[in-house]
Amino acid sequence: MAWNKDIYDEALWEEYREEVRIFTKLKYAAALAFSVFAMDRLFKESIESEPDEEFPKPLPGPLKNSGNYEKFHNDGFALGKMSKYPEFIKLTQLSTCLAIAASLISEIVKKGNAVMVAGLSLILGGGLSNLFDRYKTGYVIDYINFNKKPLNKIIVNIGDIAIFFGGILAAFSYITKMFKKNKT
């Protein structure tokens, strides 16, 4: 049997293109997750370096009338829930971050859509920032308090906001996929 150079070369090129596609999507997903992580860490370090007496202070620019910077240490889940179980919280957050990372890689490898990849990247970046806090200090540093109801009861950080919007993107992507699947 003669070797068909054209078929062999095309198969290699297709495999190479697929590897480049995966690597490129992984690179963009990692950049988005790292950007959220880094931005949140910068804010947290800045907030932590200031004395407690400096807070609350108004948010800057166009957000000035919508809330304040606060300095809050949350040793529980959202709204301080389960703060009596710090090791359980750490393990749960670590497990969740690993599951999100695995889902993100799976989504990229199986040619998932960009909206889902972006959503999972935002969730991962925010989750890793909060996880870093948990292992470094034993609590999550929250610093944004909106003064509009019903948000005036909570204090969040950029990681939390990224998790929230990442969840919306992921849910939108999933629902859209289900509608498309049911139409066929």
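More than 12 heavy atoms of other residues, nucleotides or ligands shown are found within 6.0 angstrom of CZ on F55. More than 12 non-hydrogen atoms from other residues, nucleotides or ligands lie less than 6.0 angstrom from NZ of K90.
For the salt bridge (charged side-chain N to carboxylate O under 4.0 Å, His left out) test, no residue two or more places apart in sequence or in another chain qualifies with K25. Remark: L91 pairs with S95 by the side chain to side chain contact (heavy atoms under 4.5 Å, CB included) rule, at least two apart or across chains.
Considering all non-hydrogen atoms of both residues, D160 and V156 come closest at OD2-CA, 3.5 Å.
Counting only distance, with no hydrogens or angles, the side chain of R21 and the backbone of V109 share a donor-acceptor pair below 3.5 Å.
Clustering of Ile, Leu, Val, Met, Phe, Trp and Tyr side chains at separations under 4.5 Å places F72 together with I155. Other members of the hydrophobic cluster containing Y85, listed by chain and number, are F77, M82, F88, I89; membership follows side-chain contacts under 4.5 Å among ILVMFWY residues, whether direct or relayed.
Residues L169 and L128 do not share a hydrophobic cluster, clusters being chains of Ile/Leu/Val/Met/Phe/Trp/Tyr side chains in contact below 4.5 Å. In the hydrophobic clustering of this structure, I105 groups with V117; members are Ile, Leu, Val, Met, Phe, Trp, Tyr whose side-chain heavy atoms approach within less than 4.5 Å, directly or through other members. No continuous path of hydrophobic side-chain contacts links L42 to I141 [ILVMFWY only; heavy atoms under 4.5 Å]. Residues I47 and M39 share a hydrophobic cluster, clusters being chains of Ile/Leu/Val/Met/Phe/Trp/Tyr side chains in contact below 4.5 Å. Hydrophobic clustering, with ILVMFWY side chains joined whenever heavy atoms are under 4.5 angstrom apart, keeps I100 apart from F172.
A salt bridge links D133 with R41; the closest basic N to acidic carboxylate O contact falls under 4.0 Å.
Interatomic distance, I144 CD1 to I158 CD1, rounded to the nearest 0.5 Å: 5.5 Å. Interatomic distance, CG of L32 versus CG of L104, reported as 9.5 Å (0.5 Å rounding). Atom CG of N65 sits about 8.0 Å away from atom CG of N147, to the nearest 0.5 Å. Considering OG1 of T96 and CD1 of I123, their distance stands at 10.5 Å, rounded to 0.5 Å. A distance of 11.0 Å separates CD in E87 from CZ in R134, rounded to the nearest 0.5 Å. Taking CG of L122 as the start and OG of S35 as the end, the distance is 9.5 Å to the nearest 0.5 Å.
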* To do: Could you give me the CA-CA distance, side-chain angles and deciding distance for N130 and K44, then say whether side chain to side chain donor-acceptor pair (under 3.5 Å) is met?
  => CA-CA 10 Å; N130 288 340; K44 288 174 177 177; 3.0 Å; yes
* To do: Test E50 against K57 for salt bridge (Lys or Arg N to Asp or Glu O under 4.0 Å), laying out the working first.
  => CA-CA 12 Å; E50 295 186 38; K57 56 183 170 184; 2.4 Å; yes
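Inspection of the N68 and N145 side chains reveals no N or O donor paired with an N or O acceptor under 3.5 Å. When only modelled atom types and interatomic distance are considered, S129 and D40 share a side-chain donor-acceptor pair under 3.5 Å. No donor-acceptor contact under 3.5 angstrom links the side chains of N182 and K177, judged on distance only.
Sorted by first then second residue, the side chain to side chain donor-acceptor pair (under 3.5 Å) pairs that include residues 101-128, not counting sequence neighbours, are N113-S173. Listed by first and then second residue, the ring-ring contact (aromatic ring centres under 6.0 Å, His included) pairs involving residues 111-170 are F37-F132, F43-Y143, H73-Y139 (not counting sequence neighbours).
Remark: K71 is not positioned above the aromatic ring of Y69, lacking an NZ or CZ atom under 6.0 angstrom from the ring centre and at most 45 degrees off the axis.
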